[in-house]
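Contents: one structure, followed by commentary.
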Amino acid sequence: MKVLVAFYSRDGHAGEAARRIAEALNANLDEIIDRKNRRGIFGFLRAGYDATMGKTTDIAFEKDPSNYDLVILGGPTWNGKVSPAIRTYLLQNRDKIKRVVFFTTCAGRSGKCLEQMEELYGKKPLLKKVIINKTFDEDVRELIEELKRLVRSTF
């Protein structure tokens, strides 16, 4: 079984979670790059605005999700919404993804991020998980254990 962990990360939380998941599952890792400048305070404000408005963005990634049995897709929650990079990735690849798991990282509340990801994908994910920055290590460990059980029972 081939597993891909694809992620977008502005501040590093989603990237760190994705790396830990990929290592634990012996999965391939693919970083989604947002080509729009989202650094600094203005980038932060633009990010929240773009997420709130449901905008897409110009992205780059390397791996074709159609080559994988399972795609684990994660990114940050911005203003309670899915980030433009993850929105764009799902819109471009939803027909290529056979099975999916979603995770999102956030400072405290994920809002409608996971529901938006599911809506964009158009099908039910196998699993959804919120990773809160304050309980990051524990939440990532829990997700990895859930993923291991899922992989054993599904594949």
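No hydrogens, no waters, no symmetry mates; every other heavy atom, side chains included, goes into these values.
Under 4.0 Å is where a charged nitrogen must lie from a carboxylate oxygen, and between Arg38 and Asp11 no such pair does. Taking the charged nitrogens against the carboxylate oxygens, Glu145 and Arg141 have no contact shorter than 4.0 Å, which rules out a salt bridge.
Using modelled atom types, no side-chain atom of Thr154 and backbone atom of Val151 make a donor-acceptor pair closer than 3.5 Å. Between the Ser66 side chain and the Lys96 main chain, no donor and acceptor come within less than 3.5 Å of each other. In this structure a side-chain-to-backbone donor-acceptor pair under 3.5 Å is missing from Asp30 to Ala6. Formation of a donor-acceptor pair under 3.5 Å by the Tyr49 side chain with backbone atoms of Phe44 is not found in this model. At distances below 3.5 Å, not a single donor-acceptor pair connects side-chain atoms of Asp34 with backbone N or O atoms of Ile59.
Distance check, rounded to the nearest 0.5 Å: CG of Asn79 to CG of Leu45 gives 10.5 Å. In this structure, the separation between CG on Leu29 and CD on Glu31 is 8.0 Å, given to the nearest 0.5 Å. To the nearest 0.5 Å, the span separating CD1 on Ile32 from NZ on Lys63 amounts to 12.0 Å. One finds the CG atom of Leu70 at 10.0 Å from the CD1 atom of Ile97 (value rounded to the nearest 0.5 Å). From Ile21, atom CD1 reaches atom CD of Glu16 across 10.0 Å, with rounding to the nearest 0.5 Å.
Of all non-hydrogen atoms in Ala60 and Arg35, the two that sit nearest each other are CB-NH2, 3.2 Å. Closest approach of Arg10 and Gly40 over heavy atoms only: NH2-O, 3.1 Å. Nearest heavy atom pair, residue Asp137 against residue Arg20, reads OD1-NH1, 2.7 Å. The two residues Leu4 and Pro65 make their nearest non-hydrogen contact at CD2-CA, 4.2 Å. Residues Ile132 and Gly108 share a closest heavy-atom pair of CD1-O, 4.1 Å. Counting all heavy atoms, side chain and backbone alike, Ala14 lies closest to Gly75 at CB-CA, 3.8 Å.
A 6.0 Å sphere centred on NZ of Lys55 holds no more than 12 heavy atoms belonging to other residues, nucleotides or ligands. Around the CG atom of Asn37, the shell of radius 6.0 Å holds more than 12 heavy atoms that belong to other residues, nucleotides or ligands. In the displayed structure, Gln92 atom CD is contacted under 6.0 Å by more than 12 heavy atoms of other residues, nucleotides or ligands. In Glu142, the CD atom is crowded: over 12 heavy atoms of neighbouring residues, nucleotides or ligands sit closer than 6.0 Å. No more than 12 heavy atoms of other residues, nucleotides or ligands lie within 6.0 Å of NZ in Lys112, so this atom counts as exposed by the packing criterion. Enclosure of atom CD in Glu146 by more than 12 non-hydrogen atoms of other residues, nucleotides or ligands within 6.0 angstrom is indicated.
Transitive grouping of hydrophobic side chains (ILVMFWY, heavy atoms separated by less than 4.5 Å) keeps Leu127 and Met117 in distinct clusters. Under the 4.5 Å side-chain heavy-atom criterion for ILVMFWY residues, no single connected hydrophobic cluster contains both Tyr68 and Val101. Follow the hydrophobic side-chain contacts under 4.5 Å out from Leu90 and you reach Val130 in the same cluster. No continuous path of hydrophobic side-chain contacts links Phe102 to Leu126 [ILVMFWY only; heavy atoms under 4.5 Å]. In the hydrophobic clustering of this structure, Met1 does not group with Val100; members are Ile, Leu, Val, Met, Phe, Trp, Tyr whose side-chain heavy atoms approach within less than 4.5 Å, directly or through other members.
Annotation: cation-pi geometry not satisfied between Lys129 and Phe103 (NZ/CZ under 6.0 angstrom from ring centroid, within 45° of ring axis).
Counting heavy atoms from C-beta outward, Val5 and Arg19 have side chains that stay 4.5 Å or more apart. Considering only heavy atoms from C-beta on, Val140 comes within 4.5 Å of Ile144 through its side chain.
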Handout entry: Evaluation steps, side-chain contact (heavy atoms from CB on, under 4.5 Å), between Arg99 and Ile72
Key = CA-CA 9 Å; Arg99 293 179 190 95; Ile72 300 166; over 6 Å; no
Handout entry: Intermediate values then yes/no, side-chain contact (heavy atoms from CB on, under 4.5 Å), Thr104 and Ile131
Key = CA-CA 6 Å; Thr104 188; Ile131 298 171; over 6 Å; no
Problem - Residue pair Arg87, Thr57: steps toward the side-chain contact (heavy atoms from CB on, under 4.5 Å) verdict - result: CA-CA 8 Å; Arg87 174 182 298 281; Thr57 190; over 6 Å; no
Practice task
Applying side-chain contact (heavy atoms from CB on, under 4.5 Å), run through Leu73 and Phe7 and close with a yes or a no.
Solution key: CA-CA 6 Å; Leu73 179 62; Phe7 72 96; over 6 Å; no
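Applying the ring pair (Phe, Tyr, Trp, His ring centres under 6.0 Å) criterion to Tyr8, with sequence neighbours excluded, gives Trp78. Checked against side-chain hydrogen bond (donor to acceptor under 3.5 Å, both in side chains), Lys124 has the following partners two or more places apart in sequence or in another chain: Glu118. For Phe136, the ring pair (Phe, Tyr, Trp, His ring centres under 6.0 Å) test picks out His13, with sequence neighbours left out.
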